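We use all heavy atoms of the structure for the numbers below, so side chains are in, but hydrogens, waters and symmetry mates are not. Model, not experiment: these values are computed from the prediction.
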Amino acid sequence: MTMPDSLYGALMLSFVDFFMSIVMISGIGVVLALFPLLNRLGKVDEKGLREGHH
């Protein structure tokens with residue numbers, strides 16, 4: 001699909017770019033929101049590590 005070289009094409013490209021940026025920023029937000037959950041799943045027993053137990 002080609003965009004016409006006109007005001008309509010420029011507005012369409014801006015519109016698509018705007019929504020794609022929202023999708024990308026939302027995706028990054030979801031990944032960042034999952035970090036605390038991943039941290040809980042991979043909890044390290046620090047007391048056991050200090051005592052030398054694995």
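- Under a hydrophobic-cluster definition in which Ile, Leu, Val, Met, Phe, Trp and Tyr are linked whenever side-chain heavy atoms come within less than 4.5 Å, directly or via other members, V31 and L34 are assigned to different clusters.
- The shortest non-hydrogen separation linking S21 to F18 is OG-O, 2.6 Å.
- Taken together through direct or relayed side-chain contacts under 4.5 Å among Ile, Leu, Val, Met, Phe, Trp and Tyr, V23 and I28 form parts of separate hydrophobic clusters.
- If you chain together hydrophobic residues whose side chains sit under 4.5 Å apart, I25 and V30 never meet in one group.
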